[in-house]
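Worksheet for the structure shown next.
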Number of protein chains: 4
Amino acid sequence: MNGFERRKERKKMNILDAALELFSTDGVQKVSIQEIASKAQVSQVTIYNYFGGKDELVFESIKKFTEDKISQFQAVLDDNEKSFKDKLRDLLRDKNENILLLNSDFLRTIMSDRPEIQEFIKNFSEQTSIPLFMELVKQGRNEGVIHKDLSFKAVLFYLNMYSQAMQSRPELFQYSEEADYRFIEELTQLFFYGLMGNSEGPTETI
Amino acid sequence: MNGFERRKERKKMNILDAALELFSTDGVQKVSIQEIASKAQVSQVTIYNYFGGKDELVFESIKKFTEDKISQFQAVLDDNEKSFKDKLRDLLRDKNENILLLNSDFLRTIMSDRPEIQEFIKNFSEQTSIPLFMELVKQGRNEGVIHKDLSFKAVLFYLNMYSQAMQSRPELFQYSEEADYRFIEELTQLFFYGLMGNSEGPTETI
Amino acid sequence: MNGFERRKERKKMNILDAALELFSTDGVQKVSIQEIASKAQVSQVTIYNYFGGKDELVFESIKKFTEDKISQFQAVLDDNEKSFKDKLRDLLRDKNENILLLNSDFLRTIMSDRPEIQEFIKNFSEQTSIPLFMELVKQGRNEGVIHKDLSFKAVLFYLNMYSQAMQSRPELFQYSEEADYRFIEELTQLFFYGLMGNSEGPTETI
Amino acid sequence: MNGFERRKERKKMNILDAALELFSTDGVQKVSIQEIASKAQVSQVTIYNYFGGKDELVFESIKKFTEDKISQFQAVLDDNEKSFKDKLRDLLRDKNENILLLNSDFLRTIMSDRPEIQEFIKNFSEQTSIPLFMELVKQGRNEGVIHKDLSFKAVLFYLNMYSQAMQSRPELFQYSEEADYRFIEELTQLFFYGLMGNSEGPTETI
DNA sequence: AATGAATGAGGGTTCATTCAT
DNA sequence: GATGAATGAACCCTCATTCAT
């Protein structure tokens, strides 16, 4: 890749990063191309030259978003030293955003009236995201922390639910000064033992 | 209230209903005053006369939304015949929309850049929604289906999480022809006994 | 029609007049809505409110144009006192614009890529313009100035050709100070006797 | 001219050909530099390097257009074997585009607001086009098919009028399967004998 | 009181043109 | 010398909002 292409690629990334951030924060509809251009420090027209229009830009943003997420995911899974619980903790807590089934707020809003994007997400889930995730669940079963009678589908839904909940209230899970350690412990309890709890002693924190 | 005022009040309600439905479906940004006026069969200007502007209309819509929801909630709670589990089922499954902590997609998007609305939601939660909810949790504890060591805050978060997850995938929980009963049972298991499960037999479906 | 409607109607006419004039002069493509709005002394948006968009405005302009022309045409034809030659002179010379088959430059340019407009023109020609014109040709035949063996179609084409040519060079036909009377006489000769001419004496001027 | 210059010249021609074709078809305003560049398979900037800007490109296109036409014209006139009628037929019918007075639609639209182009056309007409044309008229007079009393100016106008009419409705004059031979004959009649016709028998078709 | 009419501001997009390699 | 990249200006259009009846 020569100098031209490298600079072009970098600019495209700038634009996509700017777009992604603004879209996530304010919603696709509300963000103007002008805003994105300003944030990425390019002219509006450059965005049109690269992406063709707002619709396509949104699409590309989503592609980048999912690819970024999945590679983070992959990185965690690939660490053969870690236990299921460790990996889970990394996935759920440390990453500030996470997509297992790729149905974060951001995506859901967009998908509503964009069939091509729906299609893309569906394919991506089935072909890339879910297979990866199955590996993780297998490990959890082998290590005895996922009940063997639970179907994969149910576990997927459950983990995804937790993942989303944590994303939507990240402040509750970060070990900040104000963090409420007891609260986190309780959620761990709930995660592993449910609402009725178990009679045994305390568990580690996820 | 005389005839004039009653007609005025009815028109206001028409407008709010129309607005709420459109806002929920398409997002606040995307819905134009013209659309709302058409749906409510009034002139655009009438909306301005009644509400002052789009911002105020959004605010009033949210107020109505929360009040509607809370009265549904109240209705369920007030039925002294029902057990905790029954009430929970009604709240989680039967209502197609539910707000415990009032942080549905719809609201979260709007709140982002509207401090007055954030304030309103916060106050409403603290003063109206959460107290109601505490009643429910108490009943659950008394009936032994909520572990007594779990803090109210944790239970609140947990239930809210389930509620949201069910809303985001309503198709998984409706008893339609294609419903996967085993899946629903499993989620019930997860709800009460967590990921590790319990050694006992099956539980009822929530 | 009340005051509201009358004012609205007048504004619509202002806009159509402005549009028509600019379109004729500079071409549809080149004229911006803003220009039309300025000339008609309304806001751009008013144009959108009335006509919906540029395409529709163009269409309405054409409709008005054809209707105006046809009523001028009708007025000439309706005068039962006039001979064929007199009417022809009025049609060809006095009116600065004339449409027999409605294929003036203006229209031809627009029609090229607008099937609905083509359709409209075709229908208008067949149902309104041509029938009127046939009346005129009949009179010409009866008065012996149109050779009886000439088909209607050929005469139509011929007159239309003259009409267009005169429109495209109006300065040659106006009785201005610089007018070249001999030239006009010659064209009359050509009109009635063709390139080879006849052996008889001079004819009147059309 | 060396290899470099020859290649450059060829590129210029490609560009002019592409421009001319697009301008004629879609109008100057509607055609973008990008379109021309694509059709001519060069970069946009090359067009700027060669021609300086769209205005100049339009001008050069017109020059090429007129030169092409006049050399076609010249070719027909130079054939000393052909009679006036034969030449006329070639000019009017066989060539799909023809400019005698150079006032085709294409040119007229452009000229409207471009004084330099108006000037060029005027000069070209007076110095090149019209003198050539006078040759033709002389031949017609000598062969007795143009009445000797008709001024050159009138004949010019007349032929030009026919030429344009034929261009604007080429389908009526092509000897296609659906051609209406009687119609063409009638127009020939009109051409030579005018609206009143002559008493003699039929004439050949032009 | 209620509404049809009117508009300023802003959004997405295209284009002729210049810059920089 | 030729080109991919970049842009200011302008266009069509929509929307929240105000005016005038």
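A, B, ... follow the sequence lines: proteins, then strands. Residue 1 opens every chain.
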Exercise for the section: Nearest whole angstrom, please: distance from the P of E/dG11 to the CD1 of A/Ile47. Expected result: 13 Å

Handout entry: salt bridge (charged side-chain N to carboxylate O under 4.0 Å, His left out) involving C/Glu21 - partner list, sequence neighbours excluded
Key = C/Lys39

Practice task
Name the nucleic acid region contacted by B/Tyr50, choosing base, sugar-phosphate or nothing; use a 4.0 angstrom heavy-atom cut-off, strictly under.
Solution key: sugar-phosphate

Problem - For atom CZ of C/Phe51 and atom P of E/dA5, their distance in whole Å - result: 13 Å

Handout entry: With sequence neighbours excluded, residues passing side chain to side chain contact (heavy atoms under 4.5 Å, CB included) with C/Asp55
Key = C/Arg114

Problem - Axial cation check for C/Phe23 ring with C/Lys30, 6.0 Å and 45° limits - result: no

Completion exercise
Residues at least two apart in sequence or cross-chain that pass side chain to side chain donor-acceptor pair (under 3.5 Å) with A/Gln29, listed by chain then number, are none

Exercise for the section: Determine, for nucleotides 13-18 of chain E in 5'-to-3' order, which nucleotides have protein heavy atoms under 4.0 Å from the base (write B), from only the sugar-phosphate (write S), or from neither (write -). Expected result: BBBSBB

Practice task
Go through the steps for D/Gln41 and D/Asn14 under the test side chain to side chain contact (heavy atoms under 4.5 Å, CB included), then give the verdict.
Solution key: CA-CA 8 Å; D/Gln41 288 181 308; D/Asn14 282 349; over 6 Å; no

Handout entry: Residue-level proximity of residues 11-19 of chain A to DNA chain F when a heavy atom falls under 4.0 Å
Key = A/Lys11

Handout entry: Counterpart residues, side chain to side chain contact (heavy atoms under 4.5 Å, CB included), relative to C/Asp17 (two or more places apart)
Key = C/Lys64

Completion exercise
The side chain to side chain contact (heavy atoms under 4.5 Å, CB included) partners of A/Ser38 (sequence neighbours excluded) come to A/Gln34

Handout entry: Presence of B/Thr46 side-chain N/O under 4.0 Å of E/dA2 phosphate oxygens OP1/OP2
Key = no

Exercise for the section: Using only side-chain N and O atoms of A/Ser43, determine if any of them is under 4.0 Å from OP1 or OP2 of F/dA6. Expected result: no

Fill in the blank from the handout: Taking Watson-Crick and G-U wobble contacts under 3.5 angstrom, with | marking pairs to another strand and [ ] crossing pairs, the secondary structure of DNA chain E is written .||||||||||||||||||||

Handout entry: Pairs where residues 40-51 of chain A contributes a residue and the test salt bridge (charged side-chain N to carboxylate O under 4.0 Å, His left out) is met, not counting sequence neighbours
Key = none

Handout entry: Under the ring pair (Phe, Tyr, Trp, His ring centres under 6.0 Å) test, residues paired with B/Tyr48 that sit two or more places apart
Key = none

Handout entry: Cation-pi geometry met for D/Lys63 and D/Phe59 (6.0 Å, 45°)
Key = yes

Exercise for the section: Using the test side chain to side chain contact (heavy atoms under 4.5 Å, CB included), find all partners of C/Glu35 that sit at least two apart in sequence or belong to another chain. Expected result: C/Leu22, C/Asp26, C/Val31, C/Ser32

